[in-house]
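First the proteins, then the strands, lettered A, B, ... as listed; each starts at 1.
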There are 2 protein chains.
Amino acid sequence: MAWSKDHKQQSREKIIAAAARLFTHHGFDGVNIDQVMAEAGMTRGAFYSHFKSKSELYSEAMKHAASRRFRYAQENPQDPESALNIGKLVSGYLSDMHLHTESSGCPLAFLVTDVAQQDDAIRETYTRLFSGMAEQVQGASKAKRDQVLQNMVMMIGGVAIARALADEGLQQEVLSAVKNSLRTE
Amino acid sequence: MAWSKDHKQQSREKIIAAAARLFTHHGFDGVNIDQVMAEAGMTRGAFYSHFKSKSELYSEAMKHAASRRFRYAQENPQDPESALNIGKLVSGYLSDMHLHTESSGCPLAFLVTDVAQQDDAIRETYTRLFSGMAEQVQGASKAKRDQVLQNMVMMIGGVAIARALADEGLQQEVLSAVKNSLRTE
DNA sequence: GTCTATAGGTGGATAGAC
DNA sequence: GTCTATCCACCTATAGAC
């Protein structure tokens, strides 16, 4: 039984990891269950013994993608070097590597308007991830609430806009403007 | 012939206006051509004598939605009261009316991650609209390039994020933080 | 230019064998 | 739990009548 439980858990995690990568790049309607299951090494029929719908998978995929990106800061909020870690997190967030990542990008940025069009459960998941990140940043930086929200809007908005732009020079201008705004506070 | 040309032009504009409203609310994959044509008072078959594809319509709809929102500022860049008009544009942009509009919202905010998943022609349309708006704001406000881009990221990002959030209190906090950031410069 | 009808393809969800 | 097979609904694009 332990083995079978482990096996089911492993399958579930493979599916979620594949979904996180695919959904953050192509959005809810841009991904189908065949693609997710093929990337997880299974076929479509197996999907419904793990999730009750595509929508439920999407929520789990967002949580997975967000926790991968923010894991260290979340697990070590009172690390004495948290300021440094926040700095690393920010520059990684605004990097070309994040913008052009082949694994899962931050769902708060990559899926912001995609989420606005989905059902309530999905929007509530997005809201919890956003709130959680705001609390982490606030705890680690001791900045005021308004400033935390402003920085998050700049980072999330900057990445989302840069990804939409077809002009690389303009992409860099936007990211650079965002970096400068975070520095001069 | 003049009458027939007018008639075709009117049909085309009805289609684009309907598409602007539907696409900004539901995204590319959330809208089908039947819905657009029904709202324009026609049926599906007529669509392809106006546009060669759904993708082309989406580009036209974005241009239409953007020009509706920014028309005055675009047509009167050197109006002596342009500063006032920019102020009105900003507070309208960050208002609940814009967030919950039933007509077309700003495509730069409402469609930012939707566009990132579409073809090059669509991303280039988005890029031109973004650049055009940046130049208008820069011309009217005489602010530095970095500051113009920062304000645009704050406004577009703020509206996009607020629309994704399921919690009205948090929506208001985000919009309020964005307004405060624009005020103190 | 607009209509009705349909071709041709996709994809979420389920059934039943193993 | 995972597989194959299938149901059924949806949607882009085109054909052909008016």
Original post:
What pairs of residues pass the ring pair (Phe, Tyr, Trp, His ring centres under 6.0 Å) test when at least one of them lies in residues 108-159 of chain A, not counting sequence neighbours?
Top reply: A:His98-A:Phe110
Subject >> Residues that A:Glu173 engages under side chain to side chain contact (heavy atoms under 4.5 Å, CB included), provided they are two or more places apart >> reply: A:Leu170, B:Arg145, B:Leu149
**OP:** Any pair with a residue in residues 18-45 of chain A that passes ring pair (Phe, Tyr, Trp, His ring centres under 6.0 Å), sequence neighbours left out, goes on the list, sorted by first then second residue, please.
**Re:** A:Phe23-A:Tyr58, A:Phe28-A:Tyr58
Original post:
Of all nucleotides in DNA chain C with an atom under 4.0 Å from a non-hydrogen atom of chain A, which is the first and which the last going 5' to 3'?
Top reply: C:dG11 to C:dT14
**OP:** Keeping to residues at least two apart or across chains, list the side chain to side chain donor-acceptor pair (under 3.5 Å) pairs with something in residues 31-41 of chain B.
**Re:** B:Arg21-B:Glu39, B:Asp34-B:Arg44
**OP:** Could you pull out all residues at least two apart from A:Ser11 that satisfy side chain to side chain contact (heavy atoms under 4.5 Å, CB included)?
**Re:** A:His7, A:Met42, A:His50
Original post:
Which residues pass the side-chain hydrogen bond (donor to acceptor under 3.5 Å, both in side chains) test with A:Thr127, sequence neighbours left out?
Top reply: none
Original post:
Is there any side chain to side chain donor-acceptor pair (under 3.5 Å) pair reaching into residues 160-169 of chain A, and which pairs are they, with sequence neighbours excluded?
Top reply: none
Original post:
Taking only residues two or more places apart in sequence or in another chain, which ones pass side chain to side chain contact (heavy atoms under 4.5 Å, CB included) with A:Ala20?
Top reply: A:Ala61, A:His64, A:Ala65, A:Ser104
Original post:
Looking at residues 13-30 of chain A, who's got a heavy atom less than 4.0 Å off DNA chain C?
Top reply: none
**OP:** Output all residues satisfying side chain to side chain contact (heavy atoms under 4.5 Å, CB included) with A:Asp29, sequence neighbours left out; order by chain, then residue number.
**Re:** B:Asp29
Original post:
What are the residues of residues 35-51 of chain A, sorted by number, that bring a heavy atom to within less than 4.0 Å of DNA chain C?
Top reply: A:Arg44, A:Tyr48
**OP:** For B:Lys179, look at atom NZ and say whether over 12 heavy atoms of other residues, nucleotides or ligands are found less than 6.0 Å away.
**Re:** yes
